[in-house]
Amino acid sequence: MAMFSLAIRARAKANPLLTRRALHFRNFCNGRFGLSTSESDPPDRPVAGTKFLESFKEEFEIGSRVISLETGKIARFANGAVVLGMEETKVLSTVAAAKGDADRDFLPLTVDYQEKQFAQGLIPNTFMRREGAPKERELLCGRLIDRPIRPLFPAGFYHEIQVMASVLSSDGKQDPDVLAANATSAALMLSDIPWGGPIGVVRMGRICGQFIVNPTMDELSLSDLNLVYACTRDKTLMIDVQAGEITEKDLEAGLRLAHPEAVKYLEPQIRLAAKAGKQKKEYKLSMVSEQIFEKVRNLAEAPIDAVFTDPSYGKFERGEALEKIAQDVKSALEEECDEQSLKVLPKVVDTVRKKVVRKRIISEGFRLDGRHLDEVRPIYCEAGHLPILHGSALFNRGDTQVLCTVTLGAPQDAQRLDSLVGPPTKRFMLHYSFPPFCINEIGKRTGLNRREVGHGTLAEKALLAVLPPEDDFPYTVRINSEVMASDGSTSMATVCGGSMALMDAGIPLREHVAGVSVGLVTDVDPETGEITDYRILTDILGLEDHLGDMDFKIAGTRNGVTAIQLDIKPAGIPLDIICESLEPARKGRLQILDHMEQEISVPRNQDDRNSPRLVTLKFSNDAIRRFIGPLGALKRKVEEETGARISVGDGTITIAAKNQAVMEKVQDKVDFIVGREIVVGGIYKGIVMSIKEYGAFVEFNGGQQGLLHISELSHEPVSRVSDVVSVGQQISLMCIGQDVRGNIKLSRKATLPRPESETKSVVEGSAPVTKEKPNIWASPENMSKGEQLESTLEELVPSKMENTESNRSASLMPSVVIRSAAECDEEEKSAGLSKTSKSAPKPKGTLKKGSKQKKIQSSDNMPDLSLSIMLSESLSQMGGNKEFTSQDEGEANLSDQNDKETGGKTPVTPQKLKLGTKVTAKIYQIRARGLVLDLGGGIRGMYKFEVLGHWYFKKNKK
């Protein structure tokens with residue numbers, strides 16, 4: 001017994017959930033307890049059975065893809081629930097209706113579309129690791145579902161309806177938005193809610209001229225057309241298009257092909273509703289009696305007609321007049337104590353307005369503001385309205401006014417997208433804002449608004465087709481559209497203003513894009529519901545949009561359509577009328593494009609210092625690591641000090657700066673930290689580290705050191721290095737040479753402007769030279785023959801912009817090699833020119849060095865020196881004058897020209913110098929290692945002393 005008690009305690013300790021009753025203990029009785037008998041044991045518990053979920057399924061094929069509709073397995077309590085699947089993508093759509101009677105005069109339909117990350121096997125990358133507020137794509141997909149189903153609810157049905165569509169799984173091949181729209185149609189068919197469906201929604205693409213039904217995401221990336229089409233069996237409900245300048249003819253062909261494909265969705269929904277659908281419930285409809293309507297009509301029709309026939313009314317004047325009429329009718333009904341009429345007065349007055357306007361347009365062909373049916377309102381365009389911004393434009397069409405601004409950013413500024421399908425980032429964004437003041441109302445600034453997101457996306461689609469590719473224009477672009485005044489079609493005004501703002505920002509658009517909204521007014525037979533007459537309106541007003549049947553927004557270039565959005569109010573419009581509306585829209589679009597091109601027709605040249613800059617630099621990975629620093633400290637420090645944005649890639653550093661000044665500042669810091677490849681002729685900034693008698697050592701380019709010789713400090717003679725530079729001073733330098741051991745030669749004077757005395761030596765009448773390439777002189781013993789030829793060719797090749805002979809004579813400053821007479825003789829013998837050399841005239845005066853002589857001739861101001869000038873053969877070939885037919889003739893003419901120069905006449909030019917020619921030169925400057933010689937005509941040469949430093953001339957003394 002004791003062992004049994006221990007066992008009981010052990011079991012209770014191991015499983016605390018064991019109770020006294022579970023262990024068959026009796027209740028306390030006389031202070032004692034014991035085990036219960038087997039007679040009191042409870043009977044065996046029932047085992048849970050298997051529940052059977054009855055489901056119904058329909059499968060069909062559209063565009064070579066199998067689609068399934070299934071109901072009954074999940075979301076069984078919803079009024080209607082359908083799971084639509086295409087391959088591995090499945091979408092659940094449910095509908096529900098509010099209980100009770102509706103006391104309102106509109107249909108409160110809400111459509112919520114949601115994409116959760118579990119559908120593609122991911123955890124959200126948010127702090128809370130869960131989905132947050134609806135994203136733009138989810139709002140757009142909700143609008144895509146709402147627009148085709150709303151017109152099919154019966155008139156007077158004002159009960160609250162909620163549609164919720166969720167993506168259950170996604171393989172990334174198909175866009176779930178079209179699947180959700182068809183699933184919603186099937187769910188409404190299964191519910192007891194009165195609805196005039198079903199509808200079919202299909203997506204069309206076009207690759208190489210061939211239309212594709214239900215294209216995959218990979219196919220859409222190659223397609224120049226993304227068409228979403230919704231319809232009933234014989235009428236169109238909704239169109240949404242993004243295209244690459246497709247012609248109206250091709251667009252009509254795509255619409256006519258999409259209609260029969262969308263109709264294929266109808267029969268499976270009807271069959272599924274016949275199997276599992278509910279009986280439609282009798283809902284109370286808020287209808288206006290014919291008696292009340294006639295009573296209000298008799299009171300309001302005449303004054304309303306008087307207002308609408310007066311084209312002098314503006315938007316607000318017309319609104320105030322109509323409001324006064326409504327108040328007069330209300331006063332008359334209050335006097336009669338007609339409570340029933342007062343309850344529906346606003347709706348009845350609005351119906352009377354609609355009938356008056358539609359009757360006048362169809363019978364007389366005139367509109368509210370007196371325009372013809374195909375007439376566009378007056379247009380005002382202004383590009384560069386805010387000059388300090390990257391780009392801006394102001395666009396007016398009638399009373400509608402939109403201000404568009406463009407901001408350019410770095411590639412990392414692109415928007416990150418967390419959608420199930422599509423690209424991960426978006427580099428072009430258009431944000432549309434509709435503030436309350438634009439219609440003279442008050443309101444609150446809230447978050448994302450469905451209408452604003454929809455209008456902005458439509459304009460974004462329209463402009464995306466003409467943007468340059470990312471490889472040619474890597475900037476991130478953001479357009480802000482601020483509606484300043486609204487009287488119809490602000491989204492199309494955004495397209496026009498955005499196009500001009502992009503060109504004002506210097507973005508190379510292929511074409512201007514403009515948009516216009518086309519309306520429709522129909523006369524319907526009340527018995528059959530068929531359209532008996534209709535009128536198409538170009539560039540509709542806000543009131544015409546409200547009182548009409550259609551808002552057909554079409555944007556495009558002169559070459560074709562780039563974006564379309566069709567919204568309708570009746571339960572469908574025939575496709576023939578839709579296609580007929582394309583031509584009036586094209587004519588109106590061309591009129592608007594004419595005004596836009598008069599204001600700005602080509603992208604502006606953004607060479608001012610306020611425009612943004614984007615540069616990509618290539619470095620080794622070790623250099624990039626040095627720039628980033630420990631934990632990115634150096635990179636962050638440069639960004640904080642300059643305000644630029646720097647992104648690091650594999651072997652690249654991308655810098656985005658808001659203007660040129662910031663870009664130069666960042667590049668200087670990057671060069672100082674990392675350095676860049678040393679290039680002869682490149683300009684660098686460095687800091688003087690030490691000063692010697694012969695020059696200064698400068699640290700630059702990320703820690704490298706070079707020698708700045710005393711002769712390269714300034715154009716003027718320098719006696720001491722410390723007179724020009726000091727230790728710690730930051731200076732700009734040019735690399736003028738680098739030997740095989742890596743020693744770098746720097747020059748400061750090459751970055752300085754030439755003195756006025758040298759500038760005045762340019763031949764009078766020659767073309768001015770705005771920028772002169774510095775000449776880098778080299779000693780003959782340090783230059784091979786190939787290097788001499790290369791140096792000469794670099795100096796002699798004229799700029800592409802210098803086409804005339806005068807420009808070449810003024811801009812070409814060839815490198816000239818000065819040799820001694822003995823060296824010239826040896827060169828002449830090797831070149832076969834010794835005979836020509838002997839026939840040259842003997843100069844006056846002598847200079848001795850052993851048996852070799854050079855002759856000089858003194859002058860009043862400076863000693864003259866007659867030297868032999870040896871030029872590369874390329875000089876005579878490329879720069880030789882066509883007048884010289886032989887070398888002897890050239891030497892004679894050149895000698896005469898040089899003599900005339902000494903007399904103050906025509907100077908010598910580089911084109912007249914030939915190999916082996918002897919000229920007279922003046923000593924311009926004496927330096928430690930040689931002489932700078934003035935040959936006349938702006939040409940100077942250097943005569944370098946030999947290594948031993950002997951002087952090869954004597955100055956004549958007077």
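At least one side-chain heavy atom of V357 sits under 4.5 Å from a side-chain heavy atom of L368. At a threshold of 4.5 Å between non-hydrogen side-chain atoms, the residues M596 and I379 do not count as touching. Here the side chains of D112 and Q162 are in contact, with some heavy-atom distance below 4.5 Å. Between L463 and S499, some side-chain heavy-atom pair lies under the 4.5 Å cut-off.
A salt bridge does not link E115 to K135: none of the charged side-chain nitrogens sits closer than 4.0 Å to a carboxylate oxygen. Look at R535 and D533 and you find a salt bridge, because one of the NZ, NE, NH1 or NH2 atoms lies within 4.0 Å of a carboxylate O, short of that distance. Checked for salt-bridge contact, K569 and D549 miss the test: no charged N lies under 4.0 Å from a carboxylate O. Using a cut-off of 4.0 Å between Lys/Arg side-chain N and Asp/Glu carboxylate O, R233 and E267 are scored as salt-bridged. A salt bridge links E597 and R558; the closest N-O separation between the charged side-chain nitrogens and carboxylate oxygens is under 4.0 Å. Using a 4.0 Å cut-off between charged side-chain N and carboxylate O, D539 and R397 make a salt bridge. Salt bridge annotation for E131-K116: absent, with no cationic side-chain nitrogen under 4.0 angstrom from a carboxylate oxygen. Taking the charged nitrogens against the carboxylate oxygens, K249 and E252 have no contact shorter than 4.0 Å, which rules out a salt bridge. Between D240 and K461 there is a salt bridge, since a side-chain N of the basic residue sits under 4.0 Å from a carboxylate O of the acidic one. With respect to the salt-bridge test (charged N to carboxylate O, under 4.0 angstrom), the residues E88 and K90 do not qualify. E219 has a carboxylate O that lies under 4.0 Å from a charged side-chain N of R65, or vice versa, which qualifies the two as a salt bridge.
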Q | I199 vs I149, side-chain contact (heavy atoms from CB on, under 4.5 Å): CA-CA, chis, key distance, verdict | A | CA-CA 8 Å; I199 66 169; I149 67 174; 3.9 Å; yes
Q) Would V521 and M550 count as a side-chain contact (heavy atoms from CB on, under 4.5 Å) if you check the C-alpha gap in whole Å, the side-chain angles of each, and the deciding distance to 0.1 Å? A) CA-CA 8 Å; V521 173; M550 177 180 75; over 6 Å; no
Q: Verify side-chain contact (heavy atoms from CB on, under 4.5 Å) between M492 and L458, making sure each step is shown before the conclusion.
A: CA-CA 9 Å; M492 294 296 95; L458 174 62; 3.6 Å; yes
Q: Start with the C-alpha gap between K57 and E59, add the side-chain angles, then the distance that decides, and say whether salt bridge (Lys or Arg N to Asp or Glu O under 4.0 Å) holds.
A: CA-CA 7 Å; K57 191 173 184 179; E59 290 188 351; 3.6 Å; yes
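Using modelled atom types and a 3.5 Å distance limit, the side chains of T71 and R76 yield no donor-acceptor pair. Side-chain contact of Q269 with S185: a donor-acceptor pair under 3.5 Å is present, judged by distance alone. There is a side-chain donor-acceptor pair under 3.5 Å between D250 and T247.
Side-chain N or O atoms of W195 include none that pairs as donor or acceptor with a backbone N or O of P154 at under 3.5 Å.
Scored by the ring-ring contact (aromatic ring centres under 6.0 Å, His included) test, Y432 finds H455 as partners (sequence neighbours excluded). With sequence neighbours left out, the salt bridge (Lys or Arg N to Asp or Glu O under 4.0 Å) criterion links K73 to E70. For H431, the ring-ring contact (aromatic ring centres under 6.0 Å, His included) criterion is met by no residue, not counting sequence neighbours. Checked against side chain to side chain contact (heavy atoms under 4.5 Å, CB included), P574 has the following partners two or more places apart in sequence or in another chain: I531, I577. Under the ring-ring contact (aromatic ring centres under 6.0 Å, His included) criterion, Y283 pairs with F157, H159, sequence neighbours left out. Annotation: side chain to side chain contact (heavy atoms under 4.5 Å, CB included) contacts of D551 (sequence neighbours excluded): S517, I540, D545, K553. For I536, the side chain to side chain contact (heavy atoms under 4.5 Å, CB included) partners two or more places apart in sequence, or in a different chain, are V518, L520, Y534, E580, S581, P584. With sequence neighbours excluded, the residues forming a ring-ring contact (aromatic ring centres under 6.0 Å, His included) with Y229 are H259, listed by chain and number.
I507 approaches P468 most closely through the heavy-atom pair CG2-CD, 3.9 Å.
Note on residues 509-527: pairs passing salt bridge (charged side-chain N to carboxylate O under 4.0 Å, His left out), not counting sequence neighbours, are E245-R510. The side-chain hydrogen bond (donor to acceptor under 3.5 Å, both in side chains) contacts involving residues 419-429 comprise K426-E460, where partners must be two or more places apart or lie in separate chains. Within the structure, no pair that satisfies the salt bridge (charged side-chain N to carboxylate O under 4.0 Å, His left out) test touches residues 186-202, not counting sequence neighbours.
One finds the CE atom of M217 at 9.0 Å from the OG atom of S170 (value rounded to the nearest 0.5 Å).
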Got a list of side-chain donor-acceptor pairs under 3.5 Å for residues 560-568, not counting sequence neighbours?
residue: T562; atom: OG1; partner: A462; partner atom: O; Å: 3.1
residue: T562; atom: OG1; partner: A555; partner atom: O; Å: 3.3
residue: Q565; atom: NE2; partner: D567; partner atom: OD2; Å: 3.2
residue: D567; atom: OD1; partner: R147; partner atom: NE; Å: 2.7

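Cation-pi check for R478 over F428 is not met; the charged atom does not lie both under 6.0 angstrom from the ring centroid and within 45 degrees of its normal.
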